[in-house]
Each structure stands twice: as structure tokens, then as C-alpha cells.
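Below is one structure, written out as C-alpha cells; the observations come after it.
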Amino acid sequence: DGGITQSPKYLFRKEGQNVTLSCEQNLNHDAMYWYRQDPGQGLRLIYYSQIVNDFQKGDIAEGYSVSREKKESFPLTVTSAQKNPTAFYLCASTPYHTGGEQFFGPGTRLTVL
Amino acid sequence: AQSVTQLGSHVSVSEGALVLLRCNYSSSVPPYLFWYVQYPNQGLQLLLKYTSAATLVKGINGFEAEFKKSETSFHLTKPSAHMSDAAEYFCAVSEGGGNTPLVFGKGTRLSVIA
């Protein structure tokens, strides 16, 4: 089945540690996105990538980093510089020639202990 | 800059009653508009989208939304609520379509009372 997978589903991290969240898609979509979701805040854009080896900062990029070495993969690293990383993280993708709708993965819940 | 305002962070309706979730947008160009639904601890699922075709858009699960340019609104409705409709709903806007990032509202949590 085609889709977007995120792993792990739940992730626990100690303060001061970097952690990487995985996002993979087999939909052959060109663009991929990372969002952060906090209660009552909606979804806020962290980073996005429209083509391989290129990405742009979103509204809340500080303390995060990404890479896009392959079309199907867009991992997100939450660094120790992110002051409040506990949140639900959602990955999405979209093909280029569509009406713009994004397809979402199931999410990763990160908790900092 | 584009933005989305969802009026009401929490809406409660009785089973069988009309569902109305409000969304107003701001955009400098004709927008692409979307409604998504999210169940607890899951990703978002597209309910429906407006991409400059018909102003009344029908989506999945009996939902529909009407694009009103004069009111800059894209409210979501369903004639009769079902218990399974209880979820969080997000309105989103894109100015470019294609792979332009979406801007989301803060969401409205819908509760359905038996």
C-alpha cells in the first residue's frame, strides 16, 4: 500500500539529547513537510522540501534540522537547542501537480523527560 | 500574508443535529482551501478541498463546505451529526496550490452528545 510512514510512534528523550524522527513515503511525491502540533495551537510548519537536496525553513525552524538526500525520505532532527520539544510531530507530502492537498503520516509523539 | 481563523475552539452538538464549523481566511490571491479531520493520536485526513471550481464542495462522510468570497469564509457543515464525527477539525489555506505550504487554523474540537 502507498502511504507515509513515521517512526517511532512514541519517543522519549532526555534533556540535552538530539533525536531523529523518521518520515518515509512511497507515493512518489515531490514535496515533503514537517509540522509541530501543540494543544490549541494548530499545526505549525517547521521545515519543508520541494525537491531533493533542497529545503526551506518554516515558521518555527529554530532548534530543528532536516535533510533530503532521497525523494522518499525526509528525517527531522530535534536538537538540544530546541527549548520545548515535547509535542506531536506530523510529516506530510504532496505531488507537484495537484490542487495542493497534503497527505499526512500518523505522527510521532515526542516527550522530553 | 495568508492566515486562517477558526471561530470556536470547541463545538458541542447533539447526535442528529446540524454541524457547523466556521473558518475565515485571509489571502492576497484566489486561495486553495481545505478541511482536514484528526482523530486522537492520528494524522490528518482530508475531508474536502476548494480549488476554484464549484463554490459548494462535497467531501467524505457527508460533510460539505461553501466558499464565499465576499465573506472570505469556508464554513464546514453536516446536516446530521453522528457519534463518529467527534474529532478535531482543521481549516487550511494555500495561495499557490501545488506544493506551496499550507497555513492551518488552530482547530475546532467537535463533541457529539448522545
Side-chain angles (χ1 to χ4, degrees), chain A residues 3-6 8-10 23 25 27 29-52 54-61 68 71 74 87-111, chain B residues 1-10 21 23-25 27 29-54 57 59-60 65 67 74 87-109:
Chain A
I4 303 173
T5 58
Q6 291 186 241
K9 179 70 174 176
Y10 298 95
C23 178
Q25 54 98 0
L27 301 167
H29 285 177
D30 300 285
M32 298 185 73
Y33 311 81
W34 274 106
Y35 294 93
R36 170 179 171 141
Q37 184 177 17
D38 298 281
Q41 296 294 316
L43 276 70
R44 292 181 290 170
L45 182 65
I46 304 173
Y47 270 98
Y48 66 103
S49 168
Q50 295 175 319
I51 57 172
V52 174
D54 188 42
F55 47 83
Q56 288 77 41
K57 293 182 178 179
D59 301 318
I60 56 166
R68 187 84 185 280
K71 187 175 184 179
F74 190 41
F88 191 51
Y89 291 86
L90 287 159
C91 179
S93 68
T94 187
Y96 184 75
H97 295 292
T98 68
E101 68 266 32
Q102 294 181 5
F103 298 79
F104 283 81
T108 292
R109 185 165 298 280
L110 173 64
T111 302
Chain B
Q2 53 191 330
S3 66
V4 173
T5 301
Q6 291 185 240
L7 297 176
S9 59
H10 182 210
L21 304 182
C23 172
N24 288 89
Y25 69 91
S27 176
V29 299
Y32 292 74
L33 293 160
F34 308 85
W35 275 101
Y36 284 86
V37 61
Q38 184 184 34
Y39 298 98
N41 291 311
Q42 295 186 24
L44 275 66
Q45 179 184 9
L46 182 69
L47 276 177
L48 50 80
K49 66 179 181 181
Y50 168 76
T51 57
S52 77
V57 180
I60 62 172
F67 173 70
F74 190 57
E88 186 137 25
Y89 293 80
F90 293 94
C91 182
V93 64
S94 167
E95 288 190 336
N99 55 16
T100 305
L102 300 182
V103 173
F104 286 86
K106 294 185 183 297
T108 297
R109 182 164 61 89

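In what follows, every heavy atom counts, from backbone to side chain, and hydrogens, waters and symmetry copies are set aside. Every chain is numbered from 1, with letters handed out A, B, ... down the list of sequences.
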For B:Thr108 and B:Leu21 the tightest heavy-atom approach is CG2-CD2, 3.8 Å
Cut-off 4.5 Å, heavy atoms of chain B, and the answer for A:Gln56 is neither
* Asked: Quick one: do A:Asp54 and A:Arg68 make a salt bridge, cutoff under 4.0 Å?
  -> no
Checklist line | Within the 6.0 Å centroid threshold, strictly below: A:Phe55 and A:Phe74 | finding: no
When the 4.5 angstrom heavy-atom criterion is applied to A:Leu45 and chain B, the contacting part is side chain
The interface call for B:Leu46 against chain A, heavy-atom contacts under 4.5 Å, is side chain
Of A:Gly40, A:Gly107, A:Cys91, A:Pro106, the largest count of non-hydrogen pairs under 4.5 angstrom with chain B goes to A:Pro106
Note: vs chain A, highest number of non-hydrogen pairs under 4.5 angstrom among B:Glu88, B:Arg109, B:Gln38 is B:Gln38
For A:Gln102 and B:Pro101 the tightest heavy-atom approach is NE2-CA, 4.0 Å
Highest number of heavy-atom pairs under 4.5 Å with chain B among A:Lys9, A:Met32, A:Gln37, A:Gln6 belongs to A:Gln37
Rounded to the nearest 0.5 Å, the CD atom of A:Gln41 sits from the CD1 atom of A:Ile60 at a distance of 9.5 Å
